[in-house]
Amino acid sequence: MALGCGAKCAKGVLITFNLIFWLSGCALIAFGIYILIEEEKTSMFRLFTEGGDPETSNSYAHLQYLAFAYIGIGGLVFIVGFFGCCGAMQENKCMLVTYFIFLFIILGCELAVGVLAVFFQEKEIDGLEEKFRDTLKNKYGTDPSITQAIDLAQSKFECCGVRDASDYLDSSWKRKSGGDKSVSPTCCVLRNPQQPDSHLNPQPLNESRCQRDDSLNLKFRHQAGCKNKLEEYLKEESIIFLGLGCLAAALEIFGMIFSICLCKEI
């Protein structure tokens, strides 16, 4: 069947859209993999995992599960893009209808991921202080992965403890150290804060003053706790998930409109 000018335009736009659609699928897959393998994020997310036993240090935070969802959605985008291109090029009504249905499903999935990102953010923030304090008290110095995560947070955000350095007072780390140190070395103002591995090899500006429990430590120890900084970090990560989900959803709506326009003319 010969297509009108408007239908030809819709066909051309739909084919072009699917090229962009495939690229968005690549972006979703790449983003999901990045969240899961990037070393700093992987370490930081250990502070947001559920549970209190040592085994949970190897589990995933909620946002990491959403990264898996984005990888799955990205894979689905490749399959759906095939139906869109074939349906447009062959002017096949059945394939265009299938394409529309799958776009609608993907749209729902991406909006769900965006909503869950906000929900998980609020859930994590609500229980963050208690969870972080329990983790610092029982796991710092005993669980290597958790110890590294806390050291990373303290050096990255220039903070100490949950609310302040007093959170170390009844920690297993302090008891194990025999009371020689008041706080972790990453609580101190460091000589090497710009180095990527400063949390693994902290070099305090003045460790003796940093470890004092009087006013002499003010210039040599971070005074603020990490709770607020971690909350800000979690919000920033959640906004990225939400923004990417909304952007991809807008692409789906665009494709759905042009698939309907072309389908009506066939």
Side-chain angles (χ1 to χ4, degrees), residues 32 34-70 112-177 179 181-188 198-200 202 221-242 245:
Y34 171 73
I35 291 294
L36 294 174
I37 68 172
E38 204 275 325
E39 187 175 353
E40 181 177 296
K41 292 184 183 297
T42 301
S43 184
M44 290 290 290
F45 279 132
R46 292 193 184 105
L47 300 177
F48 303 105
T49 55
E50 294 288 347
D53 58 86
E55 293 182 0
T56 57
S57 62
N58 297 318
S59 64
Y60 293 104
H62 287 133
L63 291 183
Q64 287 174 300
Y65 286 115
L66 295 184
F68 280 116
Y70 268 150
V113 169
V115 171
L116 286 174
V118 176
F119 173 77
F120 287 152
Q121 170 196 304
E122 296 302 321
K123 183 178 179 182
E124 295 284 11
I125 288 176
D126 286 344
L128 178 61
E129 182 172 353
E130 182 179 352
K131 185 193 300 183
F132 188 23
R133 182 172 283 112
D134 181 69
T135 300
L136 179 65
K137 179 180 178 181
N138 299 309
K139 292 186 180 182
Y140 186 79
T142 59
D143 185 320
S145 61
I146 291 296
T147 302
Q148 181 178 329
I150 292 176
D151 281 337
L152 174 60
Q154 291 183 151
S155 60
K156 177 182 177 67
F157 300 130
E158 298 185 346
C159 56
C160 184
V162 183
R163 286 196 172 273
D164 52 45
S166 64
D167 293 304
Y168 278 96
L169 289 175
D170 59 346
S171 67
S172 58
W173 169 82
K174 187 170 177 61
R175 292 193 297 270
K176 186 178 179 180
S177 66
K181 294 184 178 180
S182 300
V183 294
S184 162
T186 51
C187 279
C188 302
S198 61
H199 62 289
L200 300 176
R221 180 196 293 180
H222 302 308
Q223 303 299 315
C226 295
K227 174 180 173 290
N228 292 337
K229 295 291 186 179
L230 284 173
E231 287 180 356
E232 292 174 9
Y233 175 81
L234 188 60
K235 288 177 181 178
E236 289 172 0
E237 294 296 317
S238 299
I239 287 173
I240 294 174
F241 274 90
L242 181 60

Euclidean distance, [Y] [atom2] relative to [X] [atom1], rounded to 0.5 Å:
X: K137; Y: F132; atom1: NZ; atom2: CZ; value: 15.0 Å
X: Q154; Y: H199; atom1: CD; atom2: NE2; value: 11.5 Å
X: T186; Y: L152; atom1: OG1; atom2: CG; value: 9.5 Å
X: L230; Y: F157; atom1: CG; atom2: CZ; value: 5.5 Å
X: R133; Y: D170; atom1: CZ; atom2: CG; value: 9.0 Å
X: K174; Y: D167; atom1: NZ; atom2: CG; value: 12.5 Å

Next on the checklist: Students often mix this up, so state it plainly: with edges at 30° and 60°, are the rings of Y233 and F45 parallel, tilted or perpendicular?
Outcome noted: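 Y233 vs F45 ring planes: tilted.
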Should [X] and [Y] count as side-chain neighbours, where that means a heavy-atom distance under 4.5 Å?
X: L63; Y: I35; result: no
X: R46; Y: S43; result: yes
X: K139; Y: I150; result: no
X: R163; Y: E129; result: yes
X: W173; Y: K181; result: yes

Minimal non-hydrogen separation, [X] against [Y], with atom names:
X: C226; Y: C160; answer: SG-N, 3.7 Å
X: L36; Y: T42; answer: O-OG1, 3.2 Å
X: R221; Y: S182; answer: NH2-CB, 3.9 Å
X: G141; Y: K176; answer: O-NZ, 3.5 Å
X: A149; Y: M44; answer: O-SD, 4.4 Å
X: T147; Y: T142; answer: OG1-N, 4.0 Å

Checklist entry - Short question: side chain of E130, backbone of G127 - any donor-acceptor pair under 3.5 Å? => result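 Side chain of E130 to backbone of G127, a donor-acceptor pair under 3.5 Å: no, none is there.
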Item to check | Check: L66 main-chain N/O paired with Y60 side-chain donor or acceptor under 3.5 Å | outcome: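 The answer is no, because no donor-acceptor pair under 3.5 Å joins these two groups.
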Checklist entry - Are the ring centres of F120 and F241 closer than 6.0 Å? => result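 F120 vs F241: aromatic centres not under 6.0 Å.
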Checklist entry - Given E231 and K235, is the salt bridge (charged side-chain N to carboxylate O under 4.0 Å, His left out) satisfied, shown in steps? => result CA-CA 6 Å; E231 287 180 356; K235 288 177 181 178; 5.2 Å; no
Checklist entry - Less than 2.5 Å separating the SG atoms of C187 and C159? => result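 A disulfide is absent here, as the SG pair of C187 and C159 is separated by 2.5 Å or more.
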Next on the checklist: Could you check whether E124 pairs with K131 (Lys NZ or Arg NE/NH1/NH2 to Asp/Glu carboxylate O, under 4.0 Å)?
Outcome noted: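 Yes, charged N to carboxylate O under 4.0 Å.
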Checklist entry - Does a sphere of radius 6.0 Å around NZ in K41 hold more than 12 heavy atoms from other residues, nucleotides or ligands, not counting ones at 6.0 Å or beyond? => result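 Atom NZ in K41 is crowded, with more than 12 foreign heavy atoms closer than 6.0 Å.
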